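This report concerns only the one structure given below.
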Amino acid sequence: MEVLSLVKLTKGRAKICLAGGTDFVLYKKEYESYGIEEGADLSEADYNQIVTDILIPRCKKRALHLLEKQDRSEKNIRDKLKEGGYSQEIVDIAIDYINEYGYLDDTRMAASHIRFYQDSRSKLRLKQDLIGKGISADVIDRVMEEEYTSDESDLIEKLLLKKNYDKDNATYEERAKMYRFLAGRGFSSDSINRVLK
């Protein structure tokens with residue numbers, strides 16, 4: 001396998017591109033120990049050893065590190081690992097590994113997100129957030145049914161208090177500004193108008 005290019009990155013790393021479209025990232029000591037340089041040939045055995053001994057363990061460790069401080073969706077983990085230069089095959093192995101231990105759970109992540117933000121965001125906004133995180137619609141609907149307990153009218157009232165909005169003395173411009181603010185938070189026009197009147 002011919003090394004087409006060796007592009008130096010930050011922190012002593014380099015992206016190695018092989019003929020056939022395979023590419024991966026190694027640290028300087030690692031690629032030097034295998035004699036990897038532009039134009040050189042990398043044997044199939046050396047490549048397999050790099051994947052088995054370096055890339056797969058590093059990808060698993062990175063996946064676990066991403067989950068240390070917060071729950072994440074599978075899509076989010078996959079995206080982060082791909083950004084790190086790992087191939088689809090290696091990412092799949094890492095995802096299977098963390099799934100074996102139950103560390104990756106889209107339902108748990110969605111429930112946690114809803115519980116944390118339901119006092120400041122509308123149901124629609126929460127759904128949009130979770131779709132953006134790669135959670136499937138059926139999981140979102142099921143978890144929303146179980147976890148969402150806020151009353152949107154009460155939530156709007158709290159936000160109006162927080163913004164020091166005076167319904168009785170608000171000008172047309174102030175009302176319009178508050179309407180845009182609440183609509184931006186994902187509240188329906190019916191809910192907003194009911195509370196602002």
Side-chain angles (χ1 to χ4, degrees), residues 1-117 120-121 125-143 184 186:
M1 303 170 82
E2 184 187 354
V3 178
L4 297 179
S5 66
L6 189 144
V7 179
K8 295 192 178 175
L9 307 170
T10 60
K11 299 179 183 175
R13 299 174 307 142
K15 181 175 182 177
I16 293 106
C17 300
L18 303 178
T22 303
D23 53 329
F24 52 93
V25 176
L26 291 178
Y27 287 95
K28 186 175 182 179
K29 280 186 177 180
E30 294 165 342
Y31 66 77
E32 285 178 347
S33 72
Y34 284 94
I36 296 173
E37 56 187 43
E38 282 188 28
D41 276 329
L42 180 66
S43 72
E44 190 77 32
D46 282 348
Y47 173 73
N48 290 333
Q49 186 176 14
I50 289 169
V51 169
T52 305
D53 295 349
I54 299 171
L55 299 177
I56 291 174
R58 186 174 291 149
C59 189
K60 288 177 181 178
K61 187 176 178 180
R62 175 73 177 136
L64 289 171
H65 177 71
L66 288 168
L67 289 166
E68 276 179 352
K69 293 191 167 101
Q70 71 182 62
D71 284 331
R72 294 176 184 267
S73 66
E74 181 174 326
K75 179 187 180 305
N76 180 264
I77 296 286
R78 284 184 180 281
D79 291 347
K80 293 280 188 190
L81 294 175
K82 285 178 189 172
E83 286 170 19
Y86 297 104
S87 70
Q88 182 66 46
E89 295 166 346
I90 293 171
V91 169
D92 289 343
I93 291 167
I95 294 292
D96 289 344
Y97 173 76
I98 58 179
N99 273 329
E100 281 178 34
Y101 294 96
Y103 294 143
L104 193 58
D105 186 341
D106 284 358
T107 301
R108 183 180 66 220
M109 185 263 161
S112 174
H113 185 84
I114 290 167
R115 281 192 303 270
F116 187 79
Y117 289 109
S120 63
R121 296 183 185 167
R125 172 69 188 275
L126 289 170
K127 284 183 179 182
Q128 291 169 338
D129 291 348
L130 293 170
I131 288 168
K133 292 177 180 293
I135 306 296
S136 67
D138 61 320
V139 169
I140 294 170
D141 291 340
R142 188 179 73 242
V143 175

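Given the structure is predicted, the values throughout are model-derived calculations rather than measurements. In what follows, every heavy atom counts, from backbone to side chain, and hydrogens, waters and symmetry copies are set aside.
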> Where do L104 and M109 land on the side-chain contact (heavy atoms from CB on, under 4.5 Å) test, with the steps shown first?
Replying inline: CA-CA 8 Å; L104 193 58; M109 185 263 161; over 6 Å; no

>> Please determine whether side-chain contact (heavy atoms from CB on, under 4.5 Å) holds for the pair T107 and R142, giving the CA-CA distance in whole Å, both sets of side-chain angles, and the decisive distance to 0.1 Å.
In response: CA-CA 9 Å; T107 301; R142 188 179 73 242; 3.0 Å; yes

> What do the steps show when you test L130 against I114 for side-chain contact (heavy atoms from CB on, under 4.5 Å), and what is the final call?
Replying inline: CA-CA 9 Å; L130 293 170; I114 290 167; 3.9 Å; yes

>> Using the rule given for side-chain contact (heavy atoms from CB on, under 4.5 Å), can you reason through Q49 versus I54, listing the C-alpha separation, both sets of side-chain angles and the distance that settles it, and then say yes or no?
In response: CA-CA 8 Å; Q49 186 176 14; I54 299 171; over 6 Å; no

Output side-chain donor-acceptor pairs under 3.5 Å for residues 8-25, partner residues at least two apart or in another chain, one line each.
residue, atom, partner, partner atom, Å
R13, NE, T10, O, 3.3
K15, NZ, D23, OD2, 3.2

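The two residues Y31 and L26 come nearest to each other via the heavy atoms CD2-O, 3.9 Å.
Atom CZ of residue R72 and atom CD1 of residue I98 lie 10.5 Å apart, to the nearest 0.5 angstrom. Here the CG atom belonging to L81 is positioned 9.0 Å from the CD atom belonging to E83, to the nearest 0.5 angstrom. Rounded to the nearest 0.5 angstrom, L64 CG and C59 SG are separated by 10.0 Å. Taken to the nearest 0.5 Å, the CG atom of L67 stands 10.5 Å off from the CZ atom of R62.
Between H113 and Y117, the ring planes lie tilted relative to each other; the angle falls in the 30° to 60° range.
Taking a cutoff of 4.0 Å between a charged side-chain nitrogen and a carboxylate oxygen, D79 and K75 qualify as a salt bridge. Here K133 does not pair with D129 in a salt bridge; the nearest charged N to carboxylate O distance is not below 4.0 Å.
Residues passing the side-chain contact (heavy atoms from CB on, under 4.5 Å) test with E89 are S87, sequence neighbours excluded.
Each of D92, D96, D106 was checked for a salt bridge (Lys or Arg N to Asp or Glu O under 4.0 Å) with R78, and the lone residue meeting it is D92.
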